[in-house]
S.K.: 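Take this structure first; my questions come after.
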Amino acid sequence: MNPAENSAWAPFAARVFRALWIAQLVSNTGTWMQTVGAQWLLVGHDAALVTLVQTASSLPVVLLALPSGVLADRYDRRGVLLAAQFAMLAVSAALAALAFRGALAPGLLLGLTFLLGCGTALMGPAWQALQPELVEREQLGQAAALGAVNMNLARAVGPALGGVVVAAMGAGWVFAFNALSYLGIAAVLLLWRRPVTPRPIARSEGLLTAVQAGRRYVRHAPGVRRVLLRTAAFVPGGAALWSLLPLVASRSLGLGSDGYGILLGVVGAGAVSGAFALPLIRRGLGANGTLAAGAAVFAGTLVVLAMTRSPWLAAVALLPAGLAWIGVLSTLNAAVQQRLPGWVRGRGLAVYLVVFQGGQALTAPVWGALADGLGLTVTLLIGAGLLVACALSVRRWPLHSAEGLDPSPSDHWPVPPLVFDPGPADGPVLVSVTYRIAPENWAAFTGRMRHVARSRHRTGALTWGLFQDGGDPDRFIENYVVASWAEHLAQHHSRLTAGDRRHEEQARALLVAGTIPEVTHAFCAAAGPVVTAGERDAERIRTNDASGRGA
């Protein structure tokens, strides 16, 4: 890869990525303007009500992200994104109309904000899963960083602009701009000539089955689980800043809506300027060092906000917070993207969004309640303490290395040699693989098969076991059960990755020379004997003949 391809801006060479990035910047600016308008309409109420804006925006992700991930894997992702854009446009237009009429009560405002959050939940997995179609896999890290730059550049402009508009013209205008901002993304998506791609999920697969497949994959993917752990460790303390900053602005610093918008803008400016330094920081600290340093810097910002009553000092403290935020989020996002294969990418990213957005939604009202009960200073210091603990825990629970990971699909299993034609719903299916292993390789073989076991579970196995024949100890039998023949065919043709193939090859390298694994497929006999393809054809002919005579 040449230096230009490895630069922070390399993804901009992709025309569709560049156009969507610009359209998303406009939309994110509108979102931040809308957030300022919503929070400032409630800032005269108690702290818990103000922080509920964060909950109303984020809670839908907890409720809808997994079904949205299924939709992103089952249907055309561009269509899902378009549906979300037009739905959010309609809700924002309703917010604007009610605000202009002076009929936007707190409950109605939070309810419509919740509906906007539902739109965000619908588009989140599809948007994230679409990134590998827009840029090369090697550029996913840069694409994630540019996505964070986009959000923070919007944060630099949107809140300040929103604060000024709210102070000068009223909240209705920020809601109206937000409604119009969705049209840009919709236009780019409609004009994009997207190549036809196979759908990872069969239309016949039920919603719950697809959700379970996603959960099963994450459960048996240690690298993905570790990313989720690091996300869960950072979010509660990080959410304290976004939940409490409007209260800090109004109560501690004595600022109006325009001043609050400027503080948010400072965070965004810090993130945008920090994007230039982020590649250097990552090269020096690595992914885990970046996570630890980001949490520590965020903790320092909360300490300063807890102690100061100077708007200028608060603004200075918020600048490095922007860099820390973009460093942590882009690192986590790139880590989860790199570990997910295409067939489950939408659902895997949905789980990540549940942890990230759900953590913010659940902790925001807690921060509000603590601020009402203990005061802002103590509450901010508690948030700083959580972030310090997060930074220290990186040494104990770091991200796993991504070196050698390859989630590209691998259709390397041979066609099963069956004498009958199973239907897609036939099952459960017991797959047995017999290996011959010399005594000196027994321990190494069982160790390598642990990786194979995770592969089987990730791709559809409900149960898995490795057995050693008591009468012939060199004979090892691997048994695993999948729910149906369709699930097993999905393993064959769409779910296995190059990484899965490598683990199988490493285990099979220990086979006794000249032997190969013997594979059998057994079907549940409880529903009656299996019917061969010829018998099915004969039965179909008899049925047609009978129908003809009856007519």
Side-chain angles (χ1 to χ4, degrees), residues 8 128 140-142 144-145 147-149 151-152 218-243 267 270-271 274-275 277-306 317-340 348-349 351-360 362-363 366-367 380-405 454:
Q128 298 281 352
L140 284 175
Q142 295 104 302
V149 167
M151 176 61 73
N152 285 282
V218 171
R219 178 184 175 189
H220 295 283
V224 175
R225 292 204 316 270
R226 186 55 59 86
V227 175
L228 298 180
L229 174 63
R230 297 283 9 129
T231 304
F234 176 76
V235 165
L241 178 65
W242 309 120
S243 300
V267 181
L278 197 54
L280 180 62
I281 292 172
R282 280 187 179 145
R283 282 196 296 271
L285 299 179
N288 290 300
T290 301
L291 294 179
V297 169
F298 227 69
T301 298
L302 291 183
V303 171
V304 173
L305 293 179
L318 287 169
L319 271 171
L323 171 58
W325 185 257
I326 192 176
V328 171
L329 262 62
S330 61
T331 299
L332 293 172
N333 188 279
V336 75
Q337 287 266 19
Q338 291 169 346
R339 288 165 169 79
L340 291 171
L349 286 164
V351 176
Y352 166 73
L353 290 173
V354 165
V355 175
F356 179 71
Q357 297 281 8
Q360 295 187 77
L362 296 176
T363 56
V366 174
W367 292 124
L380 288 166
L381 291 176
I382 292 173
L386 290 177
L387 286 165
V388 169
C390 171
L392 294 175
S393 69
V394 172
R395 185 180 180 88
R396 176 66 180 84
W397 295 291
L399 292 179
H400 297 319
S401 173
E403 186 178 354
L405 284 178
R454 292 196 189 103

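Starting from 1, each residue takes its place in the sequence as its number.
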S.K.: Mind listing the closest non-hydrogen atom pair of Tyr352 and Thr231 along with its distance?
M.R.: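 In terms of heavy atoms, the two residues are closest at CE1-OG1, 3.5 Å.
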S.K.: With sequence neighbours excluded, tell me which residues meet ring-ring contact (aromatic ring centres under 6.0 Å, His included) with His220.
M.R.: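 So His220 forms a ring-ring contact (aromatic ring centres under 6.0 Å, His included) with His457.
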S.K.: For the residue pair Trp325 and Phe356, categorise the inter-ring angle as parallel (less than 30°), tilted (30 to 60°) or perpendicular (more than 60°).
M.R.: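 Tilted.
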S.K.: What closest approach, in Å, do Leu241 and Leu318 show between heavy atoms, and which atom pair accounts for it?
M.R.: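 Taking Leu241 first and Leu318 second, the nearest heavy atoms are CD1-CD2, 3.9 Å.
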S.K.: If the test is side chain to side chain contact (heavy atoms under 4.5 Å, CB included), which one of Val351, Val227, Leu349 qualifies with Leu340?
M.R.: Leu349
S.K.: Could you list the residues that satisfy side chain to side chain contact (heavy atoms under 4.5 Å, CB included) with Leu353, not counting sequence neighbours?
M.R.: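 Only Val61, Pro125 meet the side chain to side chain contact (heavy atoms under 4.5 Å, CB included) criterion with Leu353.
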S.K.: Rounded to the nearest 0.5 Å, how far apart are OG1 of Thr331 and CG of Leu399?
M.R.: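 Between Thr331 OG1 and Leu399 CG, I get 8.0 Å after rounding to 0.5 Å.
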S.K.: So which atom in Gly327 and which in Thr290 form the shortest heavy-atom distance, rounded to 0.1 Å?
M.R.: O-CG2, 3.8 Å
S.K.: Using the side chain to side chain contact (heavy atoms under 4.5 Å, CB included) criterion, which residues pair with Leu381? Sequence neighbours excluded.
M.R.: Val303, Ala306, Met307, Thr377
S.K.: Kindly list each side-chain donor-acceptor pair under 3.5 angstrom involving residues 293-302, sequence neighbours excluded, with atom names and distances?
M.R.:
residue	atom	partner	partner atom	Å
Thr301	OG1	Val297	O	3.3
Thr301	OG1	Ala317	O	3.0

S.K.: Could you list the residues that satisfy side chain to side chain contact (heavy atoms under 4.5 Å, CB included) with Val328, not counting sequence neighbours?
M.R.: Phe234, Leu291, Leu332
S.K.: Specify the closest pair of heavy atoms between Ser401 and Arg339, including all atoms of both residues, with the distance to one decimal.
M.R.: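 Closest approach of Ser401 to Arg339: C-NH2, 3.8 Å.
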S.K.: Residues in side chain to side chain contact (heavy atoms under 4.5 Å, CB included) with Leu229, at least two apart?
M.R.: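 With neighbours one apart ignored, the set is Arg226, Trp397.
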S.K.: Per the side-chain hydrogen bond (donor to acceptor under 3.5 Å, both in side chains) rule, what does the pair list look like for residues 381-394, sequence neighbours excluded?
M.R.: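 Found Arg230-Ser393.
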